[in-house]
Amino acid sequence: MAERNMIYLCLAHMSENTMEEKYVQEAFDTNWVVPMGPNVNAFEQDLATFVNGNADGSNLDRKVVCLSAGTAAIHLALIACGVKAGDEVCVQSFTFCASSHPITYLGAKPVFIGSEKDTWNMDPELLEKAILDRKAKTGHYPKAIIPVALYGMPYQIDKIMAIANKYGIPVIEDAAEGMGSRFDGRVLGSYGKYGILSFNGNKMITTSGGGAMICQSPEEANEIMWYATQARDAYPYYEHTAIGYNYRMSNVCAGIGRGQMTVLDEHIAHHKHVQALYEDLLKDVPGIHMHCQPADPRYDANFWLCAATIDPDVHVQGQENAYKEVIKTAVGGAAGVIHAVDSATTDCQPNENVEALRVFMLDKKVECRPLWKPMHKQPVYASADVYTNNIEEDLFKIGFCLPAGPMVTDDDVKYIVECIKEAIS
(Lines give C-alpha, C1' and ligand atoms only; values in the text may rest on other atoms or scores of the structure.)
Protein backbone atom coordinates (compact mmCIF):
# COMPACT_ATOMS: atom_id res chain seq x y z
CA MET A 1 0.00 0.00 0.00
CA ALA A 2 1.27 3.46 -0.85
CA GLU A 3 2.81 5.42 2.03
CA ARG A 4 0.22 7.57 3.72
CA ASN A 5 0.30 10.49 6.10
CA MET A 6 -0.63 10.09 9.76
CA ILE A 7 -4.27 9.02 10.10
CA TYR A 8 -5.70 11.12 12.90
CA LEU A 9 -8.31 9.80 15.29
CA CYS A 10 -10.94 12.35 14.48
CA LEU A 11 -10.68 15.59 12.52
CA ALA A 12 -13.73 17.76 11.93
CA HIS A 13 -12.27 19.09 8.69
CA MET A 14 -13.57 22.06 6.79
CA SER A 15 -16.24 21.09 4.33
CA GLU A 16 -15.30 21.14 0.67
CA ASN A 17 -17.89 23.80 -0.07
CA THR A 18 -17.11 27.45 0.61
CA MET A 19 -19.70 28.13 3.31
CA GLU A 20 -17.08 28.62 6.03
CA GLU A 21 -15.17 31.09 3.84
CA LYS A 22 -18.38 32.94 3.00
CA TYR A 23 -19.40 33.51 6.63
CA VAL A 24 -15.88 34.31 7.82
CA GLN A 25 -15.47 36.83 4.99
CA GLU A 26 -18.75 38.43 6.02
CA ALA A 27 -17.33 38.90 9.51
CA PHE A 28 -14.36 40.80 8.11
CA ASP A 29 -16.39 42.74 5.57
CA THR A 30 -18.77 43.98 8.26
CA ASN A 31 -15.97 44.50 10.81
CA TRP A 32 -17.59 42.07 13.27
CA VAL A 33 -14.28 40.53 14.42
CA VAL A 34 -15.35 40.43 18.07
CA PRO A 35 -16.85 37.95 20.58
CA MET A 36 -20.40 38.58 19.35
CA GLY A 37 -22.15 39.44 16.11
CA PRO A 38 -24.45 38.15 13.35
CA ASN A 39 -22.61 34.85 12.85
CA VAL A 40 -22.83 34.08 16.57
CA ASN A 41 -26.57 34.76 16.57
CA ALA A 42 -27.13 32.68 13.45
CA PHE A 43 -24.96 29.79 14.67
CA GLU A 44 -26.89 29.72 17.94
CA GLN A 45 -30.14 29.51 16.00
CA ASP A 46 -28.79 26.73 13.77
CA LEU A 47 -27.73 24.77 16.84
CA ALA A 48 -31.08 25.32 18.56
CA THR A 49 -32.91 24.07 15.49
CA PHE A 50 -30.77 20.92 15.50
CA VAL A 51 -31.09 20.34 19.25
CA ASN A 52 -34.85 20.89 19.32
CA GLY A 53 -35.72 18.52 16.49
CA ASN A 54 -36.77 15.07 17.73
CA ALA A 55 -36.87 11.84 15.76
CA ASP A 56 -40.60 11.49 16.49
CA GLY A 57 -41.38 14.85 14.93
CA SER A 58 -42.03 16.62 18.23
CA ASN A 59 -40.08 19.74 19.12
CA LEU A 60 -38.42 21.14 22.23
CA ASP A 61 -37.75 24.80 22.88
CA ARG A 62 -34.16 24.83 24.09
CA LYS A 63 -31.96 27.91 23.67
CA VAL A 64 -28.26 27.73 22.83
CA VAL A 65 -25.46 30.09 23.88
CA CYS A 66 -22.15 29.92 21.99
CA LEU A 67 -19.03 30.20 24.13
CA SER A 68 -15.25 30.09 23.80
CA ALA A 69 -14.96 26.42 24.83
CA GLY A 70 -16.89 23.48 26.18
CA THR A 71 -14.87 23.86 29.37
CA ALA A 72 -16.17 27.43 29.71
CA ALA A 73 -19.71 26.10 29.25
CA ILE A 74 -19.29 23.61 32.10
CA HIS A 75 -17.85 26.38 34.30
CA LEU A 76 -20.82 28.67 33.68
CA ALA A 77 -23.33 25.83 34.06
CA LEU A 78 -21.92 25.08 37.51
CA ILE A 79 -22.21 28.75 38.46
CA ALA A 80 -25.80 28.80 37.19
CA CYS A 81 -26.53 25.75 39.36
CA GLY A 82 -25.32 27.66 42.41
CA VAL A 83 -22.11 25.70 42.95
CA LYS A 84 -19.76 27.48 45.34
CA ALA A 85 -16.55 26.78 47.23
CA GLY A 86 -16.89 23.73 49.46
CA ASP A 87 -19.85 22.26 47.57
CA GLU A 88 -19.70 18.79 46.05
CA VAL A 89 -20.50 17.81 42.47
CA CYS A 90 -20.96 14.23 41.22
CA VAL A 91 -19.04 13.77 37.97
CA GLN A 92 -18.17 10.79 35.82
CA SER A 93 -14.63 9.59 36.46
CA PHE A 94 -14.10 8.05 33.00
CA THR A 95 -13.68 11.28 31.04
CA PHE A 96 -11.36 14.03 29.88
CA CYS A 97 -10.23 16.48 32.57
CA ALA A 98 -12.42 19.31 31.21
CA SER A 99 -15.44 17.59 32.80
CA SER A 100 -14.05 17.95 36.32
CA HIS A 101 -11.56 20.84 36.30
CA PRO A 102 -14.25 23.58 36.27
CA ILE A 103 -15.53 22.15 39.58
CA THR A 104 -12.15 22.89 41.12
CA TYR A 105 -12.07 26.36 39.51
CA LEU A 106 -14.93 27.22 41.87
CA GLY A 107 -13.29 25.71 44.94
CA ALA A 108 -15.86 22.94 44.92
CA LYS A 109 -15.09 19.23 45.27
CA PRO A 110 -15.59 16.59 42.58
CA VAL A 111 -17.11 13.31 43.73
CA PHE A 112 -16.15 10.77 41.08
CA ILE A 113 -18.66 8.19 39.91
CA GLY A 114 -17.57 4.95 38.24
CA SER A 115 -18.88 3.43 35.03
CA GLU A 116 -21.27 0.66 34.06
CA LYS A 117 -20.07 -1.91 31.56
CA ASP A 118 -22.56 -1.40 28.72
CA THR A 119 -21.97 2.24 27.78
CA TRP A 120 -18.78 2.83 29.86
CA ASN A 121 -20.55 5.90 31.25
CA MET A 122 -21.79 6.93 34.70
CA ASP A 123 -23.33 4.03 36.63
CA PRO A 124 -26.75 5.14 37.96
CA GLU A 125 -26.57 2.71 40.89
CA LEU A 126 -23.21 4.10 41.99
CA LEU A 127 -24.56 7.62 41.50
CA GLU A 128 -27.43 7.07 43.93
CA LYS A 129 -25.12 5.34 46.39
CA ALA A 130 -22.82 8.38 46.27
CA ILE A 131 -25.67 10.86 46.72
CA LEU A 132 -26.96 9.10 49.81
CA ASP A 133 -23.49 8.60 51.28
CA ARG A 134 -22.51 12.24 50.76
CA LYS A 135 -25.74 13.36 52.44
CA ALA A 136 -25.03 11.09 55.38
CA LYS A 137 -21.43 12.29 55.72
CA THR A 138 -21.80 16.02 54.98
CA GLY A 139 -25.44 16.75 55.71
CA HIS A 140 -25.92 18.04 52.15
CA TYR A 141 -26.73 16.58 48.77
CA PRO A 142 -24.28 17.26 45.92
CA LYS A 143 -25.11 20.48 44.06
CA ALA A 144 -25.00 19.03 40.52
CA ILE A 145 -24.50 15.84 38.51
CA ILE A 146 -22.31 15.67 35.37
CA PRO A 147 -22.68 12.55 33.21
CA VAL A 148 -20.43 12.37 30.14
CA ALA A 149 -21.08 10.97 26.64
CA LEU A 150 -17.78 9.09 26.49
CA TYR A 151 -16.58 8.91 22.87
CA GLY A 152 -20.10 9.92 21.82
CA MET A 153 -21.89 7.01 23.54
CA PRO A 154 -25.19 8.02 25.19
CA TYR A 155 -25.32 7.60 28.96
CA GLN A 156 -28.28 6.03 30.79
CA ILE A 157 -29.97 9.42 30.93
CA ASP A 158 -33.42 8.06 31.82
CA LYS A 159 -32.11 6.49 35.02
CA ILE A 160 -29.79 9.40 35.81
CA MET A 161 -32.62 11.95 35.42
CA ALA A 162 -34.93 9.84 37.60
CA ILE A 163 -32.33 9.82 40.38
CA ALA A 164 -31.58 13.54 39.95
CA ASN A 165 -35.26 14.43 40.13
CA LYS A 166 -35.74 12.20 43.17
CA TYR A 167 -33.19 14.22 45.15
CA GLY A 168 -33.70 17.59 43.47
CA ILE A 169 -30.22 17.82 41.97
CA PRO A 170 -29.69 19.55 38.57
CA VAL A 171 -28.01 17.60 35.76
CA ILE A 172 -25.36 19.16 33.51
CA GLU A 173 -24.99 16.89 30.48
CA ASP A 174 -21.44 16.87 29.18
CA ALA A 175 -22.19 16.02 25.55
CA ALA A 176 -18.93 17.57 24.30
CA GLU A 177 -18.04 14.30 22.59
CA GLY A 178 -21.67 13.50 21.80
CA MET A 179 -22.66 16.17 19.29
CA GLY A 180 -25.61 14.61 17.47
CA SER A 181 -25.82 11.49 19.62
CA ARG A 182 -29.37 10.72 20.71
CA PHE A 183 -31.22 8.81 23.39
CA ASP A 184 -34.79 7.83 22.65
CA GLY A 185 -34.84 10.23 19.70
CA ARG A 186 -33.64 13.29 21.62
CA VAL A 187 -30.27 14.97 21.16
CA LEU A 188 -27.95 14.58 24.12
CA GLY A 189 -27.77 17.78 26.10
CA SER A 190 -31.52 18.42 25.83
CA TYR A 191 -32.50 16.38 28.92
CA GLY A 192 -30.65 18.08 31.76
CA LYS A 193 -30.95 21.57 33.16
CA TYR A 194 -27.97 22.43 30.97
CA GLY A 195 -26.23 20.65 28.11
CA ILE A 196 -22.64 21.11 26.97
CA LEU A 197 -21.30 20.95 23.40
CA SER A 198 -17.74 21.31 22.10
CA PHE A 199 -16.42 22.47 18.74
CA ASN A 200 -12.74 21.82 19.39
CA GLY A 201 -10.62 20.97 16.36
CA ASN A 202 -11.14 17.22 16.73
CA LYS A 203 -14.87 17.18 17.45
CA MET A 204 -17.76 16.21 15.17
CA ILE A 205 -17.82 19.76 13.83
CA THR A 206 -15.31 22.48 14.65
CA THR A 207 -15.07 26.24 14.97
CA SER A 208 -11.30 25.77 15.50
CA GLY A 209 -12.11 26.10 19.19
CA GLY A 210 -15.32 26.87 21.00
CA GLY A 211 -18.33 25.34 22.65
CA ALA A 212 -21.94 25.95 23.52
CA MET A 213 -24.44 25.58 26.32
CA ILE A 214 -27.98 24.30 25.86
CA CYS A 215 -30.44 26.08 28.17
CA GLN A 216 -34.08 25.38 28.94
CA SER A 217 -35.38 28.96 28.69
CA PRO A 218 -34.56 32.40 27.25
CA GLU A 219 -34.09 33.72 30.78
CA GLU A 220 -31.43 31.11 31.56
CA ALA A 221 -29.71 31.74 28.23
CA ASN A 222 -29.61 35.49 28.90
CA GLU A 223 -28.12 34.90 32.35
CA ILE A 224 -25.39 32.72 30.84
CA MET A 225 -24.64 35.37 28.19
CA TRP A 226 -24.41 37.99 30.96
CA TYR A 227 -21.81 35.93 32.83
CA ALA A 228 -19.97 35.20 29.58
CA THR A 229 -19.57 38.92 28.78
CA GLN A 230 -18.04 40.08 32.08
CA ALA A 231 -21.36 40.36 33.96
CA ARG A 232 -21.92 44.04 33.25
CA ASP A 233 -25.04 45.70 34.72
CA ALA A 234 -27.28 48.12 32.78
CA TYR A 235 -25.58 51.43 33.44
CA PRO A 236 -23.88 53.83 31.02
CA TYR A 237 -20.60 52.99 32.80
CA TYR A 238 -19.11 49.68 33.92
CA GLU A 239 -20.96 48.38 36.99
CA HIS A 240 -20.45 44.81 38.20
CA THR A 241 -22.47 43.01 40.88
CA ALA A 242 -21.02 39.60 40.04
CA ILE A 243 -17.77 38.18 38.72
CA GLY A 244 -18.05 37.66 34.98
CA TYR A 245 -15.90 36.00 32.34
CA ASN A 246 -14.72 36.64 28.79
CA TYR A 247 -16.28 33.45 27.47
CA ARG A 248 -18.33 34.50 24.41
CA MET A 249 -17.55 32.92 21.03
CA SER A 250 -16.02 35.17 18.39
CA ASN A 251 -17.99 36.12 15.30
CA VAL A 252 -15.20 34.69 13.11
CA CYS A 253 -15.28 31.27 14.79
CA ALA A 254 -19.08 31.25 14.64
CA GLY A 255 -18.83 31.81 10.88
CA ILE A 256 -16.84 28.61 10.61
CA GLY A 257 -19.46 26.88 12.73
CA ARG A 258 -22.29 27.99 10.47
CA GLY A 259 -20.54 26.38 7.53
CA GLN A 260 -19.79 23.24 9.52
CA MET A 261 -23.46 22.81 10.40
CA THR A 262 -24.11 22.08 6.71
CA VAL A 263 -21.99 18.91 6.97
CA LEU A 264 -22.88 17.78 10.51
CA ASP A 265 -25.31 15.07 9.44
CA GLU A 266 -22.80 13.87 6.86
CA HIS A 267 -20.06 13.65 9.50
CA ILE A 268 -22.28 11.69 11.89
CA ALA A 269 -23.28 9.26 9.16
CA HIS A 270 -19.62 8.77 8.24
CA HIS A 271 -18.59 7.99 11.82
CA LYS A 272 -21.39 5.44 12.12
CA HIS A 273 -20.28 3.85 8.85
CA VAL A 274 -16.67 3.61 10.05
CA GLN A 275 -17.79 2.03 13.32
CA ALA A 276 -19.86 -0.57 11.46
CA LEU A 277 -16.91 -1.36 9.19
CA TYR A 278 -14.57 -1.85 12.16
CA GLU A 279 -17.14 -4.12 13.82
CA ASP A 280 -17.42 -6.24 10.69
CA LEU A 281 -13.69 -6.50 9.96
CA LEU A 282 -12.66 -7.19 13.56
CA LYS A 283 -15.46 -9.56 14.56
CA ASP A 284 -13.34 -12.67 13.95
CA VAL A 285 -10.02 -11.31 15.22
CA PRO A 286 -9.31 -13.17 18.47
CA GLY A 287 -8.83 -11.03 21.54
CA ILE A 288 -9.99 -7.74 19.96
CA HIS A 289 -13.44 -6.44 20.92
CA MET A 290 -15.10 -3.30 19.55
CA HIS A 291 -17.05 -1.14 21.98
CA CYS A 292 -20.59 -1.30 20.58
CA GLN A 293 -23.68 0.55 21.69
CA PRO A 294 -26.34 -1.39 23.64
CA ALA A 295 -28.91 -3.31 21.59
CA ASP A 296 -31.61 -1.09 23.11
CA PRO A 297 -32.94 0.95 20.12
CA ARG A 298 -33.07 4.10 22.23
CA TYR A 299 -29.29 4.39 21.96
CA ASP A 300 -28.02 6.25 18.91
CA ALA A 301 -24.31 7.07 19.28
CA ASN A 302 -22.41 9.35 16.93
CA PHE A 303 -19.25 7.22 17.44
CA TRP A 304 -17.06 10.30 17.68
CA LEU A 305 -14.25 7.88 18.41
CA CYS A 306 -14.30 4.15 17.76
CA ALA A 307 -13.02 2.32 20.83
CA ALA A 308 -11.95 -1.28 21.35
CA THR A 309 -10.31 -3.54 23.93
CA ILE A 310 -7.59 -6.15 23.69
CA ASP A 311 -7.47 -9.18 25.98
CA PRO A 312 -4.52 -9.13 28.42
CA ASP A 313 -3.22 -12.48 27.17
CA VAL A 314 -2.91 -11.30 23.53
CA HIS A 315 0.76 -10.77 22.67
CA VAL A 316 1.67 -7.75 20.56
CA GLN A 317 4.94 -7.38 18.67
CA GLY A 318 7.42 -5.34 20.70
CA GLN A 319 5.52 -5.88 23.94
CA GLU A 320 8.73 -6.72 25.82
CA ASN A 321 9.94 -3.14 25.18
CA ALA A 322 6.80 -1.36 26.42
CA TYR A 323 7.42 1.45 28.93
CA LYS A 324 11.19 1.07 28.71
CA GLU A 325 11.84 4.68 27.67
CA VAL A 326 10.64 7.96 29.18
CA ILE A 327 8.58 9.95 26.66
CA LYS A 328 10.19 13.31 25.86
CA THR A 329 7.52 14.92 23.69
CA ALA A 330 3.73 15.13 23.65
CA VAL A 331 2.02 12.18 21.98
CA GLY A 332 -0.94 12.37 19.60
CA GLY A 333 -2.59 14.74 17.16
CA ALA A 334 -3.46 17.19 19.93
CA ALA A 335 0.18 17.53 20.99
CA GLY A 336 0.95 20.52 23.17
CA VAL A 337 3.24 21.63 25.97
CA ILE A 338 4.02 18.92 28.51
CA HIS A 339 6.03 18.67 31.71
CA ALA A 340 9.04 16.40 31.66
CA VAL A 341 8.84 13.27 33.83
CA ASP A 342 11.48 11.03 35.36
CA SER A 343 9.67 7.70 35.07
CA ALA A 344 8.19 5.87 32.10
CA THR A 345 5.45 4.36 34.25
CA THR A 346 2.71 5.34 36.70
CA ASP A 347 0.65 3.30 39.16
CA CYS A 348 -2.26 3.15 36.69
CA GLN A 349 -1.53 2.73 32.99
CA PRO A 350 -2.55 0.67 29.94
CA ASN A 351 -1.32 -2.91 29.82
CA GLU A 352 1.97 -3.57 28.07
CA ASN A 353 0.26 -5.04 25.02
CA VAL A 354 -1.89 -1.89 24.64
CA GLU A 355 1.19 0.33 24.77
CA ALA A 356 2.98 -1.98 22.34
CA LEU A 357 0.02 -1.76 19.96
CA ARG A 358 0.13 2.05 20.13
CA VAL A 359 3.84 2.05 19.24
CA PHE A 360 3.43 -0.57 16.50
CA MET A 361 0.55 1.30 14.88
CA LEU A 362 2.40 4.62 15.10
CA ASP A 363 5.21 3.05 13.10
CA LYS A 364 2.54 2.19 10.51
CA LYS A 365 1.48 5.88 10.46
CA VAL A 366 -1.72 5.19 12.41
CA GLU A 367 -2.72 6.79 15.71
CA CYS A 368 -4.06 4.28 18.20
CA ARG A 369 -4.51 6.17 21.46
CA PRO A 370 -5.23 4.94 25.00
CA LEU A 371 -8.65 5.57 26.53
CA TRP A 372 -9.11 8.47 28.95
CA LYS A 373 -7.40 7.75 32.24
CA PRO A 374 -10.06 7.83 34.98
CA MET A 375 -10.02 11.13 36.82
CA HIS A 376 -9.94 9.52 40.26
CA LYS A 377 -6.61 7.90 39.29
CA GLN A 378 -5.07 11.26 38.33
CA PRO A 379 -2.51 12.58 40.87
CA VAL A 380 -4.23 15.96 40.96
CA TYR A 381 -7.38 14.28 42.33
CA ALA A 382 -5.67 11.84 44.70
CA SER A 383 -7.71 13.04 47.67
CA ALA A 384 -11.10 13.11 45.93
CA ASP A 385 -13.96 10.84 46.96
CA VAL A 386 -14.84 8.11 44.48
CA TYR A 387 -17.63 5.56 44.17
CA THR A 388 -16.66 2.82 41.77
CA ASN A 389 -16.70 -0.87 40.91
CA ASN A 390 -13.37 -0.37 39.07
CA ILE A 391 -14.91 -0.96 35.63
CA GLU A 392 -13.42 2.22 34.19
CA GLU A 393 -9.96 1.43 35.59
CA ASP A 394 -10.10 -2.07 34.09
CA LEU A 395 -11.19 -0.63 30.73
CA PHE A 396 -8.37 1.91 30.78
CA LYS A 397 -5.86 -0.94 31.10
CA ILE A 398 -7.16 -2.85 28.07
CA GLY A 399 -8.75 -0.21 25.83
CA PHE A 400 -7.68 1.88 22.86
CA CYS A 401 -9.19 4.27 20.29
CA LEU A 402 -9.07 3.90 16.52
CA PRO A 403 -9.16 6.53 13.73
CA ALA A 404 -12.72 7.57 12.90
CA GLY A 405 -12.75 11.06 11.41
CA PRO A 406 -14.20 12.38 8.13
CA MET A 407 -10.86 11.88 6.37
CA VAL A 408 -10.76 8.15 7.20
CA THR A 409 -11.75 6.10 4.15
CA ASP A 410 -12.91 2.50 3.87
CA ASP A 411 -9.45 1.60 2.55
CA ASP A 412 -7.92 3.28 5.60
CA VAL A 413 -10.07 1.17 7.91
CA LYS A 414 -9.08 -2.00 6.06
CA TYR A 415 -5.40 -0.99 6.31
CA ILE A 416 -5.75 -0.28 10.04
CA VAL A 417 -7.36 -3.67 10.68
CA GLU A 418 -4.62 -5.42 8.71
CA CYS A 419 -2.03 -3.59 10.82
CA ILE A 420 -3.75 -4.80 14.00
CA LYS A 421 -3.72 -8.36 12.70
CA GLU A 422 -0.03 -8.03 11.90
CA ALA A 423 0.71 -6.63 15.35
CA ILE A 424 -0.81 -9.62 17.12
CA SER A 425 0.36 -12.31 14.70
Side-chain angles (χ1 to χ4, degrees), residues 74 77-78 80-83 86-104 106 108-178 181 183-184 186 188-196 293-294 296 298-299 301 371-378 381 383-396:
I74 294 176
L78 289 166
C81 288
V83 175
D87 289 336
E88 294 186 334
V89 176
C90 290
V91 59
Q92 187 166 309
S93 179
F94 206 8
T95 183
F96 180 56
C97 63
S99 303
S100 56
H101 280 2
I103 300 170
T104 64
L106 295 169
K109 301 175 182 179
V111 175
F112 291 112
I113 311 299
S115 297
E116 40 82 13
K117 62 182 178 60
D118 291 333
T119 70
W120 297 4
N121 290 318
M122 181 180 283
D123 186 326
E125 292 184 8
L126 290 174
L127 172 63
E128 185 161 29
K129 176 183 177 181
I131 291 170
L132 294 174
D133 193 51
R134 301 320 299 166
K135 180 65 162 64
K137 289 178 177 176
T138 69
H140 304 282
Y141 288 124
K143 292 297 289 287
I145 299 167
I146 307 178
V148 181
L150 187 74
Y151 305 129
M153 185 68 68
Y155 24 74
Q156 294 184 6
I157 190 62
D158 55 339
K159 296 179 181 179
I160 291 172
M161 289 302 301
I163 293 167
N165 292 334
K166 181 178 179 180
Y167 299 105
I169 305 172
V171 171
I172 299 169
E173 294 183 71
D174 183 351
E177 299 173 9
S181 295
F183 182 87
D184 201 19
R186 280 175 57 174
L188 294 189
S190 67
Y191 283 89
K193 183 172 180 62
Y194 298 104
I196 308 302
Q293 68 183 7
D296 186 334
R298 294 178 301 171
Y299 288 87
L371 303 181
W372 298 128
K373 182 171 181 174
M375 285 297 105
H376 74 272
K377 299 301 294 185
Q378 298 286 355
Y381 290 122
S383 63
D385 291 291
V386 57
Y387 297 79
T388 180
N389 290 326
N390 297 317
I391 287 175
E392 66 287 343
E393 186 175 343
D394 292 341
L395 287 168
F396 173 61

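For clarity, every value in this text was computed on a predicted model and none was experimentally measured.
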task = Check side chain to side chain contact (heavy atoms under 4.5 Å, CB included) between Ser99 and all other residues, then give those that pass, not counting sequence neighbours.
result = Val91, Thr95, Val148, Asp174
note = Between Tyr155 and Leu188 the two heavy atoms that sit nearest each other are OH-CB, 3.9 Å
query = Checking side chain to side chain contact (heavy atoms under 4.5 Å, CB included) for the pair Glu393/Thr388: CA distance, chi angles, key distance, verdict?
reply = CA-CA 9 Å; Glu393 186 175 343; Thr388 180; over 6 Å; no
task = Find out whether Leu127 and Cys90 are in side-chain contact, i.e. whether some heavy atom of one side chain is under 4.5 Å from a heavy atom of the other.
result = yes
request  = Look up atom CD in Glu125 and atom CD1 in Ile163, then write down how far apart they are to the nearest 0.5 Å.
outcome  = 8.0 Å
remark   = Asn165 meets the side chain to side chain contact (heavy atoms under 4.5 Å, CB included) criterion, sequence neighbours left out, with Met161
remark   = Taken in chain and number order and not counting sequence neighbours, the residues that satisfy side-chain hydrogen bond (donor to acceptor under 3.5 Å, both in side chains) with Asp385 are Arg134
query = More than 12 heavy atoms of other residues, nucleotides or ligands under 6.0 Å from NZ of Lys109: is that the case?
reply = no
message = If the condition is side chain to side chain contact (heavy atoms under 4.5 Å, CB included), which residues does Lys143 pass it with, not counting sequence neighbours?
response = Val83, Asp87
message = Could you check whether any side-chain heavy atom of Ile160 comes within less than 4.5 Å of a side-chain heavy atom of Pro124, counting everything from C-beta outward?
response = yes
remark   = In short, Ala149 meets Ala175 closest at the heavy-atom pair CB-CA, 4.3 Å
request  = Apply side chain to side chain contact (heavy atoms under 4.5 Å, CB included) to Phe94 and Ile391, showing your working.
outcome  = CA-CA 9 Å; Phe94 206 8; Ile391 287 175; over 6 Å; no
message = Any heavy-atom pair between the side chains of Leu150 and Thr119 that's under 4.5 Å?
response = no
request  = Mind listing the closest non-hydrogen atom pair of Ala384 and Pro110 along with its distance?
outcome  = CB-O, 3.9 Å
note = Residues at least two apart in sequence or cross-chain that pass side-chain hydrogen bond (donor to acceptor under 3.5 Å, both in side chains) with Asp133, listed by chain then number, are Lys137, Tyr387
ask   = Within a strict 4.5 Å, meaning less than it, do heavy atoms of the Ile103 and Ile146 side chains meet?
value = yes
key: Side chain proximity check, Cys81 to Tyr194, heavy atoms < 4.5 angstrom   = yes
message = Any non-hydrogen side-chain atom of Asp158 less than 4.5 Å from a side-chain atom of Arg298?
response = yes
remark   = Rounded to the nearest 0.5 angstrom, the OG-CD distance for Ser115 and Gln92 is 5.0 Å
query = When you measure from the side chain of Glu392 to the backbone N and O of Pro374, does any donor-acceptor pair fall under 3.5 Å?
reply = no
request  = Side-chain contact test, heavy atoms from C-beta onward, threshold under 4.5 Å: evaluate it for Tyr151 versus Trp372 and give yes or no.
outcome  = yes
note = Between the OG atom in Ser190 and the CZ atom in Phe183, the distance rounded to the nearest 0.5 Å is 11.5 Å
key: Qualifying ring pair (Phe, Tyr, Trp, His ring centres under 6.0 Å) pairs, either residue in residues 109-133, two or more places apart   = Phe112-Tyr381, Trp120-His291
query = Under 4.5 Å between any side-chain heavy atoms of Leu106 and Val89, yes or no?
reply = no
query = What closest approach, in Å, do Pro294 and Met153 show between heavy atoms, and which atom pair accounts for it?
reply = CD-SD, 4.1 Å
task = Output yes when a side-chain donor or acceptor of Glu173 lies under 3.5 Å from a complementary backbone atom of Gly195, and no otherwise.
result = no
remark   = Glu128 and Lys166 have their tightest heavy-atom pair at OE2-NZ, 2.9 Å
